[in-house]
Amino acid sequence: MFKLGRVSAASLRMIAQEREAAQVTYDFIGATLIDRAPRGFRHDQYEVILPSRADAFEVGVDGLQQWAAHVRAGLRVEPREPPDEGATVAVAAPVGPVTAIAVCRVVRVVDEPDRFGFAYGTLPGHPERGEEAFVLERREDAVVFRVIAYSRRAELLARAGGPVTRRIQRSTSLRYLNGLVSFVSDA
């Protein structure tokens, strides 16, 4: 959905509340967290190694709980509570004179000693249909932040956008990666 101008935090929270009873618009819930890509969807995966520091994993977890990857990517998320399974969030992206708003449901949370993250899925009105996950993993001597998604266009505007829509998706995913790197670097 698009709104003219900037949208207040209170309005975003209201938009999220209005979709709380809605069901996700796809099957294969949680597939992004088990590296199982459903057919008929576009699959994306991006990753970055977080800055080398002893507490990189813990700081990265804190960043994900604060939605730092999103906020530092230039997006707004409401409500801003840590991602919790079943929570509905509205994500706002300024696009020139309008704000694009996508409403998602947190469908899975992973909280393990060497892996932390969450996946959210699209709700009615989202321009895409699918799921996106944000996952931190401790690997031998590095902490990796991954963004994993599968999607297909749901709204006419997204379908009409073709390659432009695809570039926006890719750019946003890379901004998520840079956002969390920036958060860890600044901590």
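- Follow the hydrophobic side-chain contacts under 4.5 Å out from Phe41 and you never reach Ile148; the two are in separate clusters.
- With Arg42 as the fixed residue, the salt bridge (charged side-chain N to carboxylate O under 4.0 Å, His left out) test singles out one of Glu128, Glu131, Glu132: Glu128.
- Between Val59 and Ala187, the shortest heavy-atom contact is CG1-CB, 3.5 Å.
- Under a 3.5 Å cut-off, the side chain of Arg108 and the backbone N or O of Leu33 do not form any donor-acceptor pair.
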Set out, in order, the CA-CA distance, both residues' side-chain angles and the distance that settles ring pair (Phe, Tyr, Trp, His ring centres under 6.0 Å) for Phe118 and Trp67, then state yes or no.
CA-CA 11 Å; Phe118 65 95; Trp67 297 91; 5.0 Å; yes

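- Note on Phe183 and Val144: separate hydrophobic clusters, where clusters join Ile, Leu, Val, Met, Phe, Trp and Tyr whose side-chain heavy atoms are under 4.5 Å apart, directly or indirectly.
- Taking the six-membered ring for Trp and the full ring otherwise, the centers of His126 and Tyr120 sit at least 6.0 Å from each other.
- A distance-only check finds no donor-acceptor pair linking the side chain of Arg129 to the backbone of Tyr26 [under 3.5 Å].
- Side-chain atoms of Arg6 come within 3.5 Å of backbone atoms of Val98 as a donor-acceptor pair (strictly under, hydrogens ignored).
- Between Phe134 atom CZ and Leu64 atom CG the span is 8.5 Å, to the nearest 0.5 Å.
- Counting only heavy atoms from C-beta outward, the side chains of Val71 and Arg80 approach each other to under 4.5 Å.
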As a quick check of understanding, evaluate side chain to side chain contact (heavy atoms under 4.5 Å, CB included) for Tyr46 and Asp44, giving each step before the final call.
CA-CA 7 Å; Tyr46 306 95; Asp44 295 303; 3.7 Å; yes

Step-by-step side chain to side chain contact (heavy atoms under 4.5 Å, CB included) determination, Thr172 to Leu75:
CA-CA 9 Å; Thr172 302; Leu75 307 177; 4.2 Å; yes

Set out, in order, the CA-CA distance, both residues' side-chain angles and the distance that settles side chain to side chain contact (heavy atoms under 4.5 Å, CB included) for Asp84 and Val106, then state yes or no.
CA-CA 6 Å; Asp84 189 27; Val106 177; 5.9 Å; no

Given side chain to side chain contact (heavy atoms under 4.5 Å, CB included), test Leu174 with Leu177 step by step and report yes or no.
CA-CA 5 Å; Leu174 296 175; Leu177 297 177; 4.1 Å; yes

Evaluate the criterion side-chain hydrogen bond (donor to acceptor under 3.5 Å, both in side chains) for residue pair Gln45 and Arg146; output intermediate values, then yes/no.
CA-CA 7 Å; Gln45 183 166 286; Arg146 299 172 61 208; 2.7 Å; yes

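- Using bins of under 30°, 30° to 60° and over 60° for the plane-to-plane angle, the ring pair Tyr150/His43 lands in the tilted bin.
- Considering every non-hydrogen atom in both Ala100 and Val95, the closest pair reads CB-CG2, 4.1 Å.
- Judged by distance alone, with hydrogens and angles left aside, the side-chain atoms of Ser182 form no donor-acceptor pair with the main-chain N or O of Asn178 at under 3.5 Å.
- Formation of a donor-acceptor pair under 3.5 Å by the Thr122 side chain with backbone atoms of Gly130 is found in this model.
- With salt bridges taken as basic N to acidic carboxylate O contacts below 4.0 Å, one links Glu47 and Arg139.
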How far apart are the C-alpha atoms of Ser8 and Ser11, what are their side-chain angles, what is the distance that settles it, and do they pass the side-chain hydrogen bond (donor to acceptor under 3.5 Å, both in side chains) test?
CA-CA 5 Å; Ser8 71; Ser11 293; 3.0 Å; yes

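- Counting heavy atoms from C-beta on, the side chains of Ile15 and Lys3 come closer than 4.5 Å.
- Residues Leu180 and Val110 do not share a hydrophobic cluster, defined by chaining ILVMFWY side chains whose heavy atoms lie under 4.5 Å apart.
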side-chain hydrogen bond (donor to acceptor under 3.5 Å, both in side chains) evaluation trace for Arg19 with Thr88
CA-CA 7 Å; Arg19 294 287 195 322; Thr88 302; over 6 Å; no

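- With contacts defined as side-chain heavy-atom distances shorter than 4.5 Å, the pair Pro51/Val181 qualifies.
- Contact check on Arg72 versus Asp186 returns a salt bridge, with a Lys/Arg side-chain nitrogen under 4.0 Å from an Asp/Glu carboxylate oxygen.
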Could you walk me through whether Glu58 and Arg138 pass salt bridge (charged side-chain N to carboxylate O under 4.0 Å, His left out), step by step?
CA-CA 10 Å; Glu58 292 76 16; Arg138 244 190 276 250; 3.4 Å; yes

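- If you chain together hydrophobic residues whose side chains sit under 4.5 Å apart, Phe116 and Ile34 never meet in one group.
- A donor-acceptor pair is defined here as one N or O able to donate and one able to accept, closer than 3.5 Å; no such pair exists between the side chain of Arg13 and the backbone of Ala90.
- Within the 3.5 Å criterion, the main-chain N or O of Gly5 finds a donor-acceptor partner in the side chain of Thr99.
- No path of Ile, Leu, Val, Met, Phe, Trp and Tyr side chains, each step under 4.5 Å between heavy atoms, connects Val135 with Val89, placing them in separate hydrophobic clusters.
- Heavy-atom minimum distance, Ala119 versus Thr32: CB-OG1, 3.5 Å.
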